[in-house]
Amino acid sequence: MTEAIFKTENLKIAYGKNQVIHGIDWDIIEGEVTALIGPSGCGKSTFLKTLNLLVRSMSDDVKLSGSITFSGKNILNDKIDAIDLRKQIGMVFQQPNPFPKSIFENVAYGPRIHGVKKKRELQEIVEQTLIEAYLWDEVKDRLEDSALGLSGGQQQRLCIARALATKPDVLLMDEPTSALDPISTLGIEELIRKLEGQYSVILVTHQMEQAARVSDTTAFLYMGELIETNKTSQLFSNPTEKQTEDYITGKFG
Ligand SMILES: Nc1ncnc2c1ncn2[C@@H]1O[C@H](COP(=O)(O)OP(=O)(O)O)[C@@H](O)[C@H]1O
Ligand SMILES: [Mg+2]
């Protein structure tokens with residue numbers, strides 16, 4: 001049977017008095033690519049960065065209630081080391097944000113802070129991870145060059161490699177192609193498809209075509225409510241909820 005990588009129960013998220021997520025119950029299936037769609041401002045990024053508790057580091061007035069079970073623990077209550085959690089849950093953002101360091105150092109960064117010291121071992125991890133992110137052939141002769149010299153698409157694949165280098169279980173992606181050209185976008189989408197099965201990928205996108213192309217399950221979020229989650233093919237061809245249908249047919253957005 002399918003297992004949940006995350007199980008949220010009555011998850012509510014507010015910034016001060018502004019409640020943004022209104023009580024979400026959702027089992028996100030392990031090993032799948034799950035797309036989260038919905039109009040701008042509906043709470044997609046907020047939801048995503050709550051899954052690795054980044055939202056707490058980024059805003060002082062955030063209030064979280066309900067529960068999120070991950071690896072058998074409620075990450076909202078139990079004593080959780082956020083650094084440890086983020087080793088298991090990698091994240092990639094809208095704008096590629098490599099460190100202003102060499103390509104090698106970008107990928108070696110995570111393993112290093114988690115205790116890998118031997119140069120040989122780091123080299124091995126960097127090579128394997130860059131192969132996994134389909135970037136190795138393009139950069140293997142210039143690992144010591146600055147990551148900032150890469151193209152946007154390459155930078156984003158490097159950021160994915162940086163996230164994968166600590167061997168996480170989950171990869172969170174917040175509109176990872178919105179700053180990229182169409183060719184680089186296809187490259188990232190292909191990469192996401194290849195990660196399916198080995199990782200649980202949760203992909204926020206406001207492009208429905210992207211959700212349809214790369215995900216197994218799609219969830220439609222609207223004004224902080226989870227309106228529908230369904231097999232992607234089902235959600236786009238025969239949605240259960242009227243609001244989903246109105247959204248995917250472009251009646252609002
Ligand atoms: N750090 C923050 N502090 C206060 N309000 C925020 C913060 N981040 C987002 N919001 C508000 O939360 C709501 C949801 O935003 P967001 O999660 O970014 O939506 P989406 O990613 O779907 O566009 C918006 O009303 C936004 O203004
Ligand atoms: Mg967002």
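As the structure lists them, so they are numbered: ligands from 1, and atoms in each ligand from 1.
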Any N or O of Asp61 that comes nearer than 3.5 Å to an N or O of ligand 1?
-> no
Protein non-hydrogen atom below 4.0 angstrom of atom 27 (O) of ligand 1 present = no
Above 12 or not: heavy atoms from other molecules or residues under 6.0 Å from OH of Tyr109?
-> no
Using a strict 4.0 Å cut-off to heavy atoms of Val20, name the atoms of ligand 1 that fall inside it.
-> 12 (O), 13 (C), 14 (C)
Closest approach of any protein heavy atom to atom 3 (N) of ligand 1, naming residue and atom = Tyr15 CD2, 3.5 Å
Audit row: Glu196, Arg193, salt bridge (charged side-chain N to carboxylate O under 4.0 Å, His left out) steps and yes/no | CA-CA 5 Å; Glu196 189 221 345; Arg193 288 266 28 128; 2.7 Å; yes
Of all protein heavy atoms, the one nearest atom 19 (O) of ligand 1 is Gly43 N, 3.2 Å
Using a strict 4.0 Å cut-off to heavy atoms of Thr46, name the atoms of ligand 1 that fall inside it.
-> 15 (O), 16 (P), 17 (O)
Is the distance between the Mg ion (ligand 2) and the nearest N/O/S atom of Thr46 smaller than 2.8 Å?
-> no
If we only count heavy atoms from C-beta on, is the Leu48 to Met91 side-chain gap below 4.5 Å?
-> yes
Residue, atom name and distance, where the atom is the protein heavy atom closest to atom 18 (O) of ligand 1 = Ser45 CB, 3.8 Å
Atom CG of Asn18: over 12 foreign heavy atoms under 6.0 Å = yes
Gap separating the CD atom of Glu190 from the OH atom of Tyr134, nearest 0.5 angstrom = 8.5 Å
Under 4.0 angstrom from ligand 1, any heavy atom of Gly41?
-> yes
Count the heavy atoms of every other residue, nucleotide or ligand shown that sit under 6.0 Å from NZ of Lys194, and state whether that count exceeds 12.
-> yes
Tell me whether the guanidinium CZ or amine NZ of Lys242 lies under 6.0 angstrom from the six-membered ring centre of Tyr222 and within 45° of its axis.
-> no
